[in-house]
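Each remark here refers to the structure printed beneath this line.
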Amino acid sequence: MISLAEARERIFREVKALAPERVELALAHGRILREAVIAPEDFPGFDRAAMDGYAVMHEDLSGEFVVMGEAQPGARCGVRVGPGQCVRIFTGAVMPEGASQVIMQEDVERIGDRVVVRKRSSVLHVRRRGEDARAGALLLGVGVRLGAVQASLLAQVGMVDPLVAARPRVVHLVTGGELVPPAQVPGEGQIRDSNSTLVRGLVEGAGAEMAWQGHAPDELGQFLDRLRAPGEEGWDVLLISGGASVGDYDFGARALAELGFEMRFHGVNLRPGKPLAFATRGRQAAFLLPGNPVSHWVVFAVAVRLALERMQGVGADGEGDGEGWRIGGMLPLALGAALEGGADRRETFWPGRVVAGGGGLRVDPVAWRSSGDLCAIARANALIHLPPGALPLDAGAIVNCVLMEGGALPLD
Ligand code: AMP
Ligand code: MG
């Protein structure tokens with residue numbers, strides 16, 4: 001059995017980045033950028049009014065100005081503003097030549113073709129050319145995940161077909177004679193398959209695509225038949241739920257060997273998730289995930305996700321090294337309650353709930369009955385990292401947390 005650090009090291013070493021691709025900007029949301037975004041010109045590209053009002057020379061402290069014309073957004077007003085003169089202007093319009101300040105319309109009284117200044121502020125109310133970014137400035141680096149704001153920045157600079165990481169294609173097989181589809185009422189001894197839904201969500205949340213999902217009973221022949229259903233090629237990662245252990249009906253390792261996969265590790269000193277296995281076949285990766293939902297959630301976060309990130313180019317240019325938790329960084333937080341426990345030699349990830357309160361963030365441990373307790377992890381939004389032998393811990397102790405879905409923070 002190896003340590004989690006060693007397991008992550010092997011995943012990082014064996015899994016290679018997929019070739020990046022260009023996509024339409026409308027499809028780029030959620031993708032990882034594989035080229036830098038450099039400002040092609042100054043932003044803003046021209047001096048713009050930041051308020052509705054009257055454009056004047058800022059050094060002209062006259063109490064009254066003659067209105068010489070009007071400047072609307074989208075067109076240049078031909079008027080040159082001189083002493084004692086102003087131009088009626090609206091937010092976003094090009095500043096007329098000569099003008100360097102907008103007096104807010106609330107601060108003047110308009111009388112015919114003149115304005116009388118009631119109050120003069122020293123604020124210019126002008127967005128100066130290049131004040132956001134100069135031409136040539138680095139706006140987004142390689143490896144940034146494109147959220148709504150980052151994608152809209154691409155729109156601003158006209159990058160309509162950005163180079164982004166390809167989405168790894170995942171195939172997923174759940175195993176077990178006890179499973180029925182969620183729409184079916186379970187018979188005696190049966191349970192509904194919740195892992196297919198869980199894994200689909202985790203895969204999509206990691207920027208990958210679920211290409212195929214299936215179910216096999218605990219019988220090697222049928223297991224292999226189902227595994228061959230999505231074809232040999234056309235996918236990058238195979239996930240097998242259940243059958244990861246060494247029981248009589250745990251066919252995962254045998255099935256992978258039959259398919260020509262080479263086992264890279266089987267068994268990690270990890271709780272939950274000890275039977276986790278990782279294998280490769282050429283550029284394809286496979287994981288055996290212990291069937292319990294909590295184990296699934298944890299091993300996905302600490303191991304499978306790394307492979308999917310690596311395929312999306314994380315670490316390709318020296319960023320991240322597999323030791324860092326680059327996406328969904330570790331955050332030190334105070335424990336909201338004591339954590340009991342003996343001298344456990346296994347590295348543990350304990351479901352936690354990060355909450356704001358008492359002037360800061362803290363993490364409350366979530367009580368879970370077993371690694372099958374999906375009801376408990378439905379309340380969790382983080383994993384508390386406990387190195388071997390860390391327990392017991394008092395309330396207030398500082399623990400490292402992996403923020404989960406919806407709460408991922410970038411490291412630097
Ligand atoms: P296994 O790893 O196959 O021994 O499964 C461990 C536990 O997880 C057993 O209690 C299974 O019934 C349960 N389990 C396995 N697969 C699923 C699934 N797809 N949905 C819900 N529970 C599952
Ligand atoms: Mg099973």
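All values below come from the heavy atoms of this structure, side chains included, with hydrogens, waters and symmetry mates left out. One-based numbering, in listed order, for ligands and for the atoms of each.
- When the heavy atoms of Leu289, Asp218, Asn195 are ranked by distance to atom 16 (N) of ligand 1, first place goes to Asn195.
- Residue Asp193 places at least one N or O, backbone or side chain, under 3.5 Å from an N or O of ligand 1.
- Relative to atom 21 (C) of ligand 1, the option among Ser194, Gly247, Ala244 with the closest non-hydrogen atom is Ser194.
- Shortest contact from atom 7 (C) of ligand 1 to any protein heavy atom: Asn292 OD1, 3.3 Å.
- Taking a cutoff of 4.0 Å between a charged side-chain nitrogen and a carboxylate oxygen, Arg283 and Asp236 qualify as a salt bridge.
- For ligand 1, the atoms lying closer than 4.0 Å to a non-hydrogen atom of Gly243 are 1 (P), 2 (O), 3 (O).
- Side-chain contact check for Asp373 and Ser370: no donor-acceptor pair (N or O, by modelled atom type) lies under 3.5 Å.
- Salt-bridge annotation for Arg10 and Glu6: present, with a side-chain N of the basic residue lying under 4.0 Å from a carboxylate O of the acidic one.
- Put simply, the side chain of Thr175 gets close to the backbone of Ser241: a donor and an acceptor are under 3.5 Å apart.
- Heavy-atom distances between Gly372 and ligand 1 stay at or above 4.0 Å for every pair.
- Distances between N or O atoms of Gly291 and those of ligand 1 include at least one value under 3.5 Å.
- The nearest protein atom to atom 4 (O) of ligand 1, hydrogens excluded, is given as Asp250 OD1, 4.5 Å; this is a heavy-atom distance.
- Of all atoms in ligand 1, numbered sequentially from 1 with element shown, those under 4.0 Å from a heavy atom of Ile191 are 12 (O), 21 (C), 22 (N), 23 (C).
- Between Glu233 and Arg169 there is no salt bridge, since no side-chain nitrogen of the basic residue lies less than 4.0 Å from a carboxylate oxygen of the acidic one.
- Side chain of Thr280 to main chain of Gly282: no donor-acceptor pair is present (N/O by atom type, distance under 3.5 Å, no hydrogens or angles).
- Atoms of ligand 1 found under 4.0 Å from any heavy atom of Glu178, numbered from 1 in the order shown, are 11 (C), 12 (O).
- Aromatic ring orientation, His385 versus Phe349: parallel (interplanar angle below 30°, classes split at 30° and 60°).
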